[in-house]
Amino acid sequence: MSNSHLQIPFEAELTLKRLQPRLDQLWVETGADPDCISEFQQRLQEYWLRLFAHLFELYGTRYDFFFHLEQILLAAARSWVERPEDLKKSDQHRIYQDDWFRSEQMVGGALYVDLFSENLGKLRETISYFKDLGLSYLHLMPLFAVRPGDNDGGYAISNYRSVDPRLGTIDDLKLLASDLREAGISLVLDFVFNHTSDDHFWAQKAQAGEREYQQFYYIFPDRTVPNQYERTLREIFPTVRRGNFTWHDGMQQWVWTTFNSYQWDLNYSNPAVFRAMMEEMLFLANTGVDILRLDAVAFIWKQMGTSCENLPQAHTVIRAYNAIARIAAPGMLFKSEAIVHPDDVVRYIDTKECQISYNPTLMALLWESLATREVKLLTQSLSHRQILPPGTIWTNYLRCHDDIGWTFDDEDASAVGINGFDHRQFLNHFYTGQFPGSFARGVPFQHNPETGDMRISGTLASLAGLEQAIDEGDEELKELAIRRIILLHGIILSIGGIPLFYLGEEWGMLNDYDFVKDPAKAGDTRWIHRPKMRWDYLNELEASSVPEEGSIRKRIFTSVQRLIALRKKYDSIAGLAMELIPLRNPHVLGFLRTHSGGRLMVLGNFTEHPQSVSGNILRTAGLGRFFQDQITGREYQTSEDIELEPYQVVWLVRV
Ligand code: GLC
Ligand code: GLC
């Protein structure tokens, strides 16, 4: 065992020697210039061992391993030759400035092209909006060709190389990418590699009975094997269909479908699948993607008798893709979408795997703190989960296009006297507005009657109490809701990581109950928080008189915009270094950010009552006697205790 392990570097080198003539032939065929060749060969030297080792681990026992390896190498080389010059230039920059994405200047937004601006052409005209807001990162939700009818918000892709014709063309996408680059905004696109749509070319071939393509998926003649798998699987979309398999009438067979029944899971134990998806990845890279969002990473490897989530081979697949990206598109980074247990989330985060990750635990626990008015679970979790390996970063978000799941760790909960199961029930009651006194107006997503499991849909503002306050016409409640919204932003903009907005939320948009009128959306409550962008709101910014709701929107927008601008002034916000301040007030979150000499102290009151915080503790943590809140400009001295208003957030800097 240890012996064979030692031989990998030797085998890798020998294999590359054997493959080199094929590569040389490709250089001749493509007429690649010497610089292009030498850059590639240099990076190949650097990353080949890693790539070889991962692929050998996954596919080394296959008789056709060498064939696939050769094809993978050639595809990577071809893609590098075809990579546009401006992208190669930005690759160079990023190789030397490999910390660019961990900067305080990074602020992200995400949007659906059709809902935000109709199409890619019109989206290009709104780049000034992104700049005004202060964005430097833009995630366009999946915009590729999709199946007719329901398509899971674009996540059921029928062709990775063409844009949904309603949104534009690949050329429009490239044009947008280059305009964004010029504006200093990184483009983020999805790599939906766990599954394809049931009308993707591969799935169609499978349906036509071609065995080569049936092996791209998990297809079974009867329930025997599916039933064996089912024993240890979770259900992700239990209201779509029970279990994880879908009967296909045409083939008269069962297909593995973790998500919707029309999303067919790909079989990564087949190297042909790895290679086919790799080619799609490199195609995307060359359209100008800066950050690739790896969708549903937890599910990509299956093994009988396991949960088929977060398996070691899932990591190996991603690491192999990472090595290929380093070689053929070295400026492009990976972001993982792992909305799973926090211990599993971090396992995807590594410079050799995904450099960036969603921070679902922080997201969930910020909402948890609002509901309980206590920060003990949040601080318990932050105390050992916020720091990541060097060279990586979180994206911190409050809402995204998906639901909220309570993915905190039960041991973190029990350490602070909370029963995880009961607490999730409470949070579901609270955020669906059923708990007495709740301010939230969320709705259930994927309620599983068997396990009692449920997730929550709803917009930021509706979950934070604004919808209820407006309905009740209650001024005080409106004020509290607005303050909750600003508090949450004050935290994610300063805590370390790239803050990420689901665009539209910056206006405090409310739930859109009209989604039920569209039959393709009615079955999925996540559409309640994906309304169309309302460009008329922008006029309210300048108008001398606006309706009352308009002035609320204006206040939320300008507050968020100001906080973003403020964030960019403090290099102490870059990176992840963060220390919790032991405030001894259960309702106030306090942390210190330090980076290259700068210090920023952040305090957030999670209740509707004033809270006081010991001046002496702040003096010791902040190393000073006089501080100024950068948000209000107010000065504080630590000879006295500091009073925070209801839901107030302060960013304190020593004066
Ligand atoms: C990801 C997406 C989600 C989608 C699922 C299946 O989790 O964020 O919207 O439903 O993958 O593709
Ligand atoms: C589950 C999955 C996540 C997906 C979500 C969609 O939480 O883990 O990948 O985004 O479901 O609801």
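Just so you know, ligand 1 is whichever comes first in the structure, and atom 1 is the first atom listed for that ligand.
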Atom CD of residue position Glu411 - does it have more than 12 heavy atoms of other residues, nucleotides or ligands inside 6.0 Å?
no
Shortest reach to atom 1 (C) of ligand 1 by a heavy atom, considering only Asp295, Asp403, Val297
Asp295
Can you label the angle between the Phe193 ring and the Phe191 ring as parallel, tilted or perpendicular, going by 30° and 60°?
parallel
Closer than 4.0 Å to some heavy atom of Asp152 - which atoms of ligand 1 meet that?
4 (C), 5 (C), 6 (C), 10 (O), 12 (O)
Option set Glu337, Gln263, Arg293, criterion heavy-atom distance to atom 7 (O) of ligand 1, minimum:
Glu337
With side-chain contact (heavy atoms from CB on, under 4.5 Å) as the test, would you mind laying out the steps for Glu353 and Arg319 before giving the verdict?
CA-CA 5 Å; Glu353 197 165 336; Arg319 285 175 178 243; 2.8 Å; yes
List every atom of ligand 1 that sits less than 4.0 Å from any heavy atom of His195, numbering the atoms from 1 in the order shown and giving each element.
6 (C), 12 (O)
Could you grab the distance from atom CG of Leu189 to atom CG of Leu284, nearest 0.5 Å is fine?
6.5 Å
Looking at Phe259, Phe193, Phe299, the heavy atom closest to atom 5 (C) of ligand 1 belongs to Phe259
Relative to the heavy atoms of Arg526, which atoms of ligand 1 are at a distance of less than 4.0 Å?
3 (C), 4 (C), 9 (O), 10 (O)
How about NZ on Lys352, more than 12 heavy atoms from neighbouring residues, nucleotides or ligands closer than 6.0 Å, or not?
no
Is there a heavy atom of Met141 sitting under 4.0 angstrom from any atom of ligand 1?
no
Near Asp402 (heavy-atom distance under 4.0 Å), the atoms of ligand 1 are 2 (C), 3 (C), 7 (O), 8 (O), 9 (O)
Is Phe237 touching ligand 1 with its side chain, its backbone, both, or neither, if touching means heavy atoms under 4.0 Å apart?
side chain
Checking Trp527, Tyr502, Tyr155 against His401 for ring pair (Phe, Tyr, Trp, His ring centres under 6.0 Å), the one that qualifies is Tyr155
What ring pair (Phe, Tyr, Trp, His ring centres under 6.0 Å) pairs are there with at least one residue in residues 343-362, not counting sequence neighbours?
His315-Tyr348, Tyr358-Tyr397
